[in-house]
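In what follows, a single structure is set out as structure tokens and then discussed.
We use all heavy atoms of the structure for the numbers below, so side chains are in, but hydrogens, waters and symmetry mates are not.
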Amino acid sequence: MTSRSDAPPAGGHSFHGKSGFLPPQLYRYLVTHGSPTDDILADLTAETAALGGAAGMQIPADQGALLTILTAAIAPSRAIEIGTFTGYSSLCVARALPPGGRLLCLDVSDEWTSIARRYWERAGVSDRVELRLGPAAESLAQLPARPTFDLAFIDADKEAYQTYLELLLPRLNPNGLIIVDNVLQSGRVLAEDGAGTEASPNVVAMRAFNEALARDRRVQVVMLPVADGLTLARKLP
């Protein structure tokens, strides 16, 4: 979950994102030269923004578009999301599923996912989304330990990312794709702001996860400077 998000301006574009690696004018150019969001995603963004500080967990529109494109290209019969919040990313994935495709969402908050459920219904995708509430690691461990999923999106407790990965890999089909969010921690994976400042638990965990994943011979990995950093990991056959 990333980024502060506000309602998009006229034209369906939102210029709020986590791409702090780009000058604002260049980021605006990037966003305006991508496909605009529709009314449903715009309304979800506005409702999420009204939550205040928690709204920062919503992914930005450009990241959502990338999720939709990747899902449509992969055409997964089964997809899984760890960390749903108010549903923006799940909506982007669910809309791009092929006929008969299903998305399993894991989250701990009934309050926030109640917003997601309303927007799944409004978008006409509620029949292809299953929500399971509870600690994600426990929900994952309860799934059959056999290849089932073609696509996974991880955007939840950063300190549990390695646990999620280990639970996902046996359940991912060969060539299946894992998309991992917030891998750059606003650049703090390089150095915490301020000399002598102790790194936050999220930053420490993400550094360790990034290092381990880069050395993991079970996957092919690329890290992208999209939003707060996305890692794509393909499970090798």
### Query
Are any non-hydrogen side-chain atoms of I80 and L140 less than 4.5 angstrom apart?
yes

#### Entry: side chain to side chain contact (heavy atoms under 4.5 Å, CB included) partner of M206, the single match among V203, N210, V204
N210

### Heavy-atom side-chain contact between L232 and L177 under 4.5 Å
yes

### Residue from L172, L213, L169, L236 passing side chain to side chain contact (heavy atoms under 4.5 Å, CB included) with R218
L169

#### Entry: F209: partners by ring pair (Phe, Tyr, Trp, His ring centres under 6.0 Å), with sequence neighbours left out
Y161

### Task
Not counting sequence neighbours, which residues clear side-chain hydrogen bond (donor to acceptor under 3.5 Å, both in side chains) with E130? List them please.
R132

### Message
Can you list everything that forms a side-chain hydrogen bond (donor to acceptor under 3.5 Å, both in side chains) with R122? Sequence neighbours excluded, please.
### Response
D43

### Summary
Those residues at least two apart in sequence (or on a different chain) that pass side-chain hydrogen bond (donor to acceptor under 3.5 Å, both in side chains) with S114 are none

### Heavy-atom donor-acceptor pair, E81 side chain to S90 backbone, under 3.5 Å
yes

Donor-acceptor pairs under 3.5 angstrom involving side-chain atoms of residues 144-152: please list them, not counting sequence neighbours.
unit_1	atom_1	unit_2	atom_2	d
T148	OG1	R146	O	3.0
D150	OD1	N173	ND2	2.9
D150	OD2	S77	N	3.1
D150	OD2	S77	OG	3.2

### Task
Using side-chain hydrogen bond (donor to acceptor under 3.5 Å, both in side chains) as the criterion, list what pairs up with Q220, not counting sequence neighbours.
R234

### Message
Can you tell whether the side chains of D216 and K235 come within less than 4.0 Å, N to carboxylate O?
### Response
no

